[in-house]
Amino acid sequence: MAAAISVLGGGITGLSTAWYLAQRLPPTVRVQLIEGSSRLGGWVRSEVRQAGGVSFIAEKGPRTLRTGNSREALAVLELLDDLDLRSQIVTASKMSSAARNRYIYYENELNCMPSGLGSLLTGIPPAVRCLFGGVWCDLITSKNSPADFSDESIHSFISRRFGKDVDDNLASAVMHGIYAADTKLLSARALLYPFWLADHTGSTGVIRGLRRVAKLSRAYNSRFAIRDNSEKSEINRRRAQNPEFWESVDETSMYSFRNGMQTLTDRLASDLRSRPNVEITIGQPVTKLQQSADGNVETVLADGTKLCANHVINTLPLHRLGNIFEGSETNSLIEETPYANVAVVNVTYLAKNITPVDGFGYLVPRASASSSKALGVVFDSCALPAQDANASDISRLTVMLGGSRFTELFGDPDNASKNILEDAALETIRTQLGITTKPADIDAALGKKCIPSYTVGYVDRLKAMHDWVKSQLGGRMSVVGAAYGGPAVPQCILHARDLVNRHLNLNELDSPQDITGLEEIIEGFEYVK
Ligand SMILES: C=Cc1c2[nH]c(c1C)Cc1[nH]c(c(CCC(=O)O)c1C)Cc1[nH]c(c(C)c1CCC(=O)O)Cc1[nH]c(c(C)c1C=C)C2
């Protein structure tokens with residue numbers, strides 16, 4: 001058999017994994033990308049819609065990317081550079097209202113989050129006041145963690161150190177905006193690691209402990225910070241080649257593309273299609289993964305086709321993994337990781353500046369949950385006005401509904417009614433933003449099981465997953481994606497790039513490599529007291 005690698009899943013992780021492989025492997029090695037649904041791109045979906053004679057974009061999944069000097073932000077920028085997408089970018093400058101004004105819906109008002117110490121001088125909104133008491137609480141409260149514990153919920157951790165209000169008013173809102181999940185379930189160890197470590201490894205409280213912890217969390221931080229001279233010189237080379245682009249990036253706080261985020265996945269897909277060593281199969285879910293008689297990996301598809309490869313890189317979500325390893329025991333990460341259901345309702349008005357305030361949008365904390373079915377609202381037109389170039393007199397908003405309360409509020413996600421979701425979005429806009437105008441367009445889409453929840457015990461379960469992956473298919477499988485290295489688009493892309501580099505550094509893809517893709521993530525959570 002000629003050398004081949006299979007990549008399972010055609011979302012942003014699968015596409016970028018296949019792209020890095022195709023880019024870096026010799027053309028004699030085939031890359032097989034397999035997607036079960038009828039389209040590539042996964043949760044990244046930018047729909048072009050029309051109303052009142054104008055067309056506009058409705059993002060159904062992630063909608064913006066951040067700039068900055070982190071490895072993940074730079075990995076995306078490098079990828080855009082390679083895909084020649086620089087001219088498609090639309091940006092929000094660091095001085096824009098979208099970059100500076102982010103709100104929390106608290107006590108029936110939009111509370112603007114401080115964007116620096118200066119902004120505190122103009123008044124402290126009610127939602128933020130608990131922070132001062134919270135800091136004081138941490139400074140004066142002696143160590144109060146149980147002697148022997150390995151993890152706790154974010155809610156428990158924050159309440160214990162900073163007071164319950166800091167979670168109820170602020171942290172729960174932030175976690176809604178990232179994971180669409182409840183801090184009572186999410187893991188403090190996994191998601192607030194430096195803070196958790198400061199508390200866990202000392203007796204001085206979290207804030208005083210952070211300085212000491214900088215050393216202990218070096219392995220964790222090294223996942224996010226530019227590592228060595230070769231990474232630095234690569235960025236410098238690109239800066240010298242395209243100085244205007246990189247200087248404009250320095251002024252930017254976030255960006256997307258003129259025609260939405262799908263520009264990125266579409267370009268990855270079209271680039272892959274143009275490569276003779278890449279084969280793409282869509283519309284065929286994987287039903288089974290097994291070792292073939294010659295020791296390689298056989299991917300069995302729904303129509304019975306068997307694709308053989310020397311190695312398989314699995315980007316499928318955890319809830320799809322269990323049933324393709326027939327007869328083999330799975331592990332706790334696969335069995336116990338819940339995924340959030342989020343309804344994304346795009347609402348468009350034929351009027352400019354319809355929101356009472358300018359900004360990125362707002363998040364709803366637990367403290368306001370009883371009066372809100374929404375997790376938050378994004379002011380899309382305000383965040384990236386350049387996306388409305390074809391229709392300057394419109395306002396696009398996105399209402400996010402559901403999360404851990406989806407079933408309680410809207411019933412079984414499998415039977416969720418589009419009308420009920422759209423009505424809930426309009427009610428949110430009317431009661432929270434005071435907008436009573438009829439929209440020109442409204443469209444709800446359900447992201448069923450779209451974001452993995454890193455719940456309490458995640459780090460230990462990740463280690464079990466590492467051992468399990470190693471034991472499968474004779475060491476010829478690795479995993480990558482939103483369930484492991486973080487759910488953000490840049491995290492998925494960076495994880496894919498790091499994994500491909502790790503594989504290629506070993507060189508011999510036709511023998512078992514024993515790389516799981518989880519090594520660095522697990523190392524990040526290790527420390528010596
Ligand atoms: C479909 C809804 C999503 C919610 N969270 C995510 C999605 C796709 C994933 C996500 N969102 C953010 C991050 C952190 C990384 C980052 O760039 O900051 C992740 C992993 C932050 C974020 N939250 C919202 C936006 C517009 C962004 C920027 C990145 C992006 O476009 O996804 C708004 C928002 N997202 C969700 C809710 C409930 C919400 C509320 C206003 C859930």
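For ligands, and for the atoms within them, numbers begin at 1 and follow the listed sequence.
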Protein N/O near ligand 1 N/O, under 3.5 Å, which pairs?
unit_1	atom_1	unit_2	atom_2	d
ligand 1	5 (N)	Gly177	O	3.2
ligand 1	5 (N)	Ile178	O	3.0
ligand 1	11 (N)	Gly177	O	3.1
ligand 1	17 (O)	Arg66	NE	3.4
ligand 1	18 (O)	Arg66	NE	2.8
ligand 1	18 (O)	Arg66	NH2	2.9
ligand 1	23 (N)	Gly177	O	2.7
ligand 1	31 (O)	Arg63	N	2.7
ligand 1	31 (O)	Thr64	N	3.0
ligand 1	31 (O)	Thr64	OG1	3.4
ligand 1	35 (N)	Gly177	O	3.0

(request) Could you tell me whether Asp358 and Arg100 have a side-chain N and a carboxylate O separated by less than 4.0 Å? (result) no
(message) I'd like to know if Arg189 pairs up with Asp460 as an ion pair, taking the criterion as any Lys NZ or Arg NE/NH1/NH2 lying under 4.0 Å from an Asp or Glu carboxylate oxygen.
(response) yes
(message) Closer than 4.0 angstrom, basic N to acidic O: yes or no for Lys448 and Asp414?
(response) yes
(request) Would you please classify the geometry between the Phe257 ring and the Tyr255 ring as parallel, tilted or perpendicular, with 30° and 60° separating the classes? (result) perpendicular
(message) Does Arg218 have more than 12 heavy atoms from other residues, nucleotides or ligands lying within 6.0 Å of its CZ?
(response) no
(request) May I ask you to decide if the ring planes of Tyr339 and His319 are parallel, tilted or perpendicular, using 30° and 60° as cut-offs? (result) perpendicular
